[in-house]
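Taking it in order: structure first as structure tokens, then the write-up.
We name chains A, B, ... by the order of the sequence lines, and we start the count at 1 in each one.
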There are 2 protein chains.
Amino acid sequence: MTEPHEPALDRIRALPSWLLNRAAGRGRRLLGEAFAHEGLRMPHHAVLAAVADIGPVAQAALGRETGFDPKDMVGILNDLQRARLVTRTPDPDDRRKNVIALTAEGRSCLGRLAQLGDEANRALLAALTPAEREQFVALLARVAEEREEGPVA
Amino acid sequence: MTEPHEPALDRIRALPSWLLNRAAGRGRRLLGEAFAHEGLRMPHHAVLAAVADIGPVAQAALGRETGFDPKDMVGILNDLQRARLVTRTPDPDDRRKNVIALTAEGRSCLGRLAQLGDEANRALLAALTPAEREQFVALLARVAEEREEGPVA
DNA sequence: CAAAAAACGTTGGACACCCCAACGAAGATC
DNA sequence: GATCTTCGTTGGGGTGTCCAACGTTTTTTG
């Protein structure tokens, strides 16, 4: 016995946390390359999609919807505004707010981003069969949901 | 037709790349909290394990084994050395190299880290049944392997 | 054997994503 | 009218990943 518990690194490499980091990094790289054409990145895609979904909105609501920090939202919207994909105008009804609205270019860009994102995700899961992909995504979604502490009582 | 392609954000949130990012972030947080007791982080665990696996080794070989950048390896080893978990001595046979060796404290710490890591990973996959966990990890491992470009010829 | 090439550890810097604290301006509440 | 909250903004921190360059030492090569 006392079998050499040697492969400590292999054990780590088989850990879900390690694999998730690797896979996520791969996904980030693929998405990044795909979006590079538009000069945008993942957060831009999400925010642009959110603006498309919930019409003209204030930044704070946008942040609540997407989960981005207000600080980061500023930068993201600066980029989107500079690229003429959204407009940012003061809200006359509430002078604290900025009304973020999608432009025509923004809508078409969003379409391209969606397609690019889909392609990148197809490449990301290229190693799996369609059935496996479905299974994987379903399980992954449950892992990603962070419902802290379930039954405490 | 022209069915309201409204839920653009929901589509993004269902993307594997998005879910992977979320799940990986959750894993990083759990691992980070678990390892905080030892004052270490994920990379330290990996490098410590690699040193345990392939005996006294040079930093470069360690970097090749673990996939860490040489620049980052310096910092990681600085931390491990400061914590007396490894020793870093000049190699007499090759004065370019540093020989990294595990200390007794390093070995016991590695054992604790392994246990903490396992616990955190258990929490990470708490939402899945044992059978699902196995399936998930198997699929995830295939997604994480980044074998660029398969059959080109 | 001398010159060129490669590997070693180190430093400096960059990027992506995530999170927190504080501030002035403006609105809501009492 | 004073308090409290929300809004956008600025400043900062932290983790993980990656690249470029340098001086030193070893290896390869002409």
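- The phosphate of D/dT6 has neither OP1 nor OP2 within less than 4.0 Å of any side-chain N or O from A/Gln59.
- In this model, the phosphate group of D/dT9 is approached by a side-chain N or O of A/Arg88 to a distance below 4.0 Å at OP1 or OP2.
- Whole-Å rounding puts the B/Asp72 CG to C/dT10 C1' distance at 12 Å.
- Taking the six-membered ring wherever Trp is involved, the centroid distance between the rings of A/His44 and A/Phe35 does not fall below 6.0 Å.
- The existence of a salt bridge linking A/Asp69 and A/Lys71 is excluded, since no basic side-chain nitrogen approaches an acidic carboxylate oxygen closer than 4.0 Å.
- Put simply, CG on A/Asp79 is 13 Å from P on C/dC15, counting in whole angstrom units.
- Between A/Ala14 and A/Leu19 the shortest heavy-atom distance is O-CD1, 3.7 Å.
- Atom CZ of A/Arg41 is separated from atom P of C/dC15 by 10 Å (rounded to the nearest Å).
- Minimum atom distance to the side chain of B/Val74 is reached by C/dT10, of the listed C/dT10, D/dG16, D/dC7.
- In this structure, the CZ atom of A/Arg96 is 14 Å from the P atom of D/dT9, given to the nearest Å.
- For a distance-only test at 3.5 Å, the side chain of A/Lys97 fails to qualify as a donor-acceptor partner of the base of D/dG8.
- Using a 4.0 Å cut-off, some side-chain N or O of A/Arg95 falls inside it from OP1 or OP2 of C/dA26.
- At a threshold of 4.0 angstrom between heavy atoms, the contacts of A/Met73 with the nucleic acid are absent.
- The existence of a salt bridge linking A/Arg22 and B/Glu145 is excluded, since no basic side-chain nitrogen approaches an acidic carboxylate oxygen closer than 4.0 Å.
- The distance between atom CZ of B/Phe35 and atom C1' of D/dG14, rounded to the nearest whole Å, is 17 Å.
- In this structure, B/Asn98 reaches the sugar-phosphate backbone alone: every heavy-atom distance under 4.0 Å involves primed, P, OP1 or OP2 atoms, never a base.
- A donor-acceptor contact under 3.5 angstrom links the side-chain atoms of B/Asp69 to the base of D/dC19.
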